[in-house]
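Shown next, in structure tokens, is the structure this report addresses.
To find a chain, count down the sequence lines: A is the first, B the second, and so on, and within it residues start at 1.
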Amino acid sequence: MRSKILLLVLMLIFTSFFSLIGCAPVEEEPAVVEKADGEKEEEVEEEVEVIELTYLSLAWQEEVIEAKKDIINTWNEKNPNIQVKYVQGDWGSIHDFMITSFAVGNVPSIFHYYSTPIVDFAGRDFLADLTPLITDEMKNDVFEGAWTSVRLPDEKIYGIPFLWESRITLYNKDIFEEANITPPTIEDPWTWDEMREVAKELTVDKDNDGKIDQWGAGFGLRKPAGMMLNLSLGFGGGFVKEEDGKHIIEVGEAEKNLMRTLKAMLYEDKSTTLDGIGLSGTKMLPGFYEGKWAMIPVIGVWARHRVTTDAPADFNWGVLPPLKAVTQAQGASTQTLSIPKDAPHQEEAMQFINFFLDTQNMAKLAQGDWLFPTRKSSIELPEFQTEEHGWDIATASVEHLKMGPWQLTPGFAEFQSRVMNPVLVEFFHDRLTVDEAAKRIEEEGNNVLSEYQ
Amino acid sequence: MKKTKFNKIVTLIPSYLAIATYIIFLVFPLLWMLSVSVRPEAELTRLEPSFIPETVILEHYATVFSGPKMIQSILNSIKVGAMATVGVIALAIPAAYALGRYSTRINKYVIGWVLVSQLFPTILIMIALLMILIRLGLTNSHFGLALVYMVWTLPFVLLMLQSYIKAIPQELEDAAAIDGATRTQTIMAIVLPLLLPGIAATALFAFVSAWNEFFFALVLLREPELVTLPVMLARLVGREGVARLGPLAAASFIATIPALVLFGFLQKWLTSGLLSGSVK
């Protein structure tokens, strides 16, 4: 037993000793040059200031990570005095990470995030104003709709938008052909009512056992708030209005029409599966591959990537343009690059962003993520106009992207998670009427917003 | 005689069934993770996946091991976990002994303060802690992170060890003192050997806490080569929870192995009964 104790104590001492040695700062010794006569002399190097920037990325798919690293390597080769280091972050923890970093001033030089929280960060004075640093070329080439997602009421811009997405409808071509249904075109899109009719037609009990085997549509409604907000613009709503400088949640007739339409498909038409209430858009994809639902309406354009990698090789699918309510308008947030206010070398960081997001590079990043670039010159490139994987139809939907009024609303993220998502899930479970759900969203939502205004 | 044995077996069946059910309940997530980690993508996306994969592949493990710094992150986690565990046990043993053996007026206040310190949510102390560590130059260092884990697990480890020390009969130490042993000799020769099960249990707790911890590691370690495993695993999950399921399951399965090995190693010390028969 005594030997065990001795072993334990020795382990303790050794581990602590080596740990401390491993963590001790290592002082760099000057280079020593041995002269021809054997005498040693310290080499005095000419000092060139090398600026080091850190780029915090949220890319998570291997191809995109590699694409970003390639762009950074190219930059580093071309700019030996401004070296950029790639640092990997993740979507799940970026918010807490950045809040902590801002609080202590230990920030990355450039970070990747998306427009809604960027507007919030800017309002809290965490970010550098990029307005004077943006080149005219970039200003003119990026879609105005993308700029509005990061522009504050004082016209200042705190993030460079570089990726965005729309919601499209994926459909099973074989089921459509079998039912002799002609898909709509970009020029003549379906209205919501037309889509409802088709969904009813495609909902069938194939083996006559009294149970539906194939639904016309499958909506992923696990967290429906984001989808409902974006679609509400097409119905002429937006859930938020501004009165006397205050943001107010309002569920008017436009928003109620959207809510009624979806609920009618669930319970009146019975053309969309109730399983979707507990599933996200991505989780609806396996059922789509298996022919359980003929369409997945209003899913993000990125979902096409999953279909190409996960669906059986013989799965025959296509893309339909955004559905039309009053218009085809959709709310959109953008993925952004921002520079923290406390970060040094902001001009150099912006130089890097200009290179990182030039026409070709932005196109490469958007292709990797199956999203759209925000530059007009990038989206006009052939890879975004091809019929393959529905890129042409998806790309055409960019013209319908708009900034939702909620994006500048303080506390909106909390309203969305604490109020809108749970109330809408109850509504889709048919535990609330449209009016009851609308009332709760307004009352509880405005309570949340009042804490921020 | 035979009847008694038969009755005993019959009585034991429900107990064994209950234990078996509980073990299945505990092991099922691990087996499911293993099953997911060896399936091809096409099987991962089925609406109703089967428990046993139709095709077994090792591609996801290859992805994990060829991926950037995954192995490095496992080694980093082992290093930080080991440092934190050794450190906290070394700190806690004398403190627990003092609290367990000497009854002074401040004991209950010390215990109270230790308990209160457990009530602070992580996020509340994070910013202050980070500022202190920046000033001490301890960010971006495994030692700094291990130090945080030591402090973080110390209260619970202290309370656990204190209860183990209290369970060691005072008479044993008195007997040693009568035989002429000094306090140090008593602790080294009598208390520590009897405390081994307690040390093993608390060490396991400290290691697993450090092994699984995410947020401190995320905020303190900025250099890519220092990152620990939980932070690395989070990077396999994208926006809105969309994940690279195969590699995530493979990496998560690998992540459980060191903790299992450690548990197996410490299990022999987790035996009870060392004290039986020590006093009348």
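- A side-chain N or O of B/Y149 and one of B/E213 form a donor-acceptor pair less than 3.5 Å apart.
- The residue among A/A311, A/G287, A/P108 with the most heavy atom pairs within less than 4.5 Å of chain B is A/G287.
- For chain A, the option among B/L130, B/T85, B/T139 with the highest count of heavy-atom pairs below 4.5 Å is B/L130.
- When ring centroids are compared, A/Y55 and A/H112 stay outside the 6.0 Å threshold.
- Heavy atoms of A/F288 lying under 4.5 Å from chain B are absent altogether.
- Classification of B/R39 and B/E54 as a salt-bridged pair fails, no side-chain N sitting under 4.0 Å from a carboxylate O.
- There is no contact between A/D275 and chain B, counting heavy-atom distances below 4.5 Å.
- Note: A/F121 and A/F102 have perpendicular aromatic rings, judged against thresholds of 30 and 60 degrees for the angle between ring planes.
- Top candidate by heavy-atom pairs under 4.5 Å with chain B, chosen from A/E290, A/Q61, A/M284, is A/E290.
- Residue B/E173 places its CD atom among more than 12 non-hydrogen atoms of other residues, nucleotides or ligands, all under 6.0 Å distant.
- For A/Q214 and A/K292, the side-chain atoms include no donor-acceptor pair closer than 3.5 Å.
- A pairwise comparison of heavy atoms in B/W211 and B/A255 identifies NE1-O, 2.9 Å as the closest pair.
- When heavy atoms are compared at a cutoff of 4.5 Å, A/Q88 approaches chain B by way of both its backbone and its side chain.
- Counting heavy-atom pairs closer than 4.5 Å to chain B, the top residue among A/A59, A/P312, A/S101 is A/S101.
- Neither the backbone nor the side chain of A/K223 has a heavy atom closer than 4.5 Å to any heavy atom of chain B.
- Contact count against chain A (heavy-atom pairs under 4.5 Å) is highest for B/L218 among B/L138, B/I134, B/L218.
- Ranked by non-hydrogen atom pairs under 4.5 Å with chain B, the options A/L285, A/T54, A/D96 are led by A/D96.
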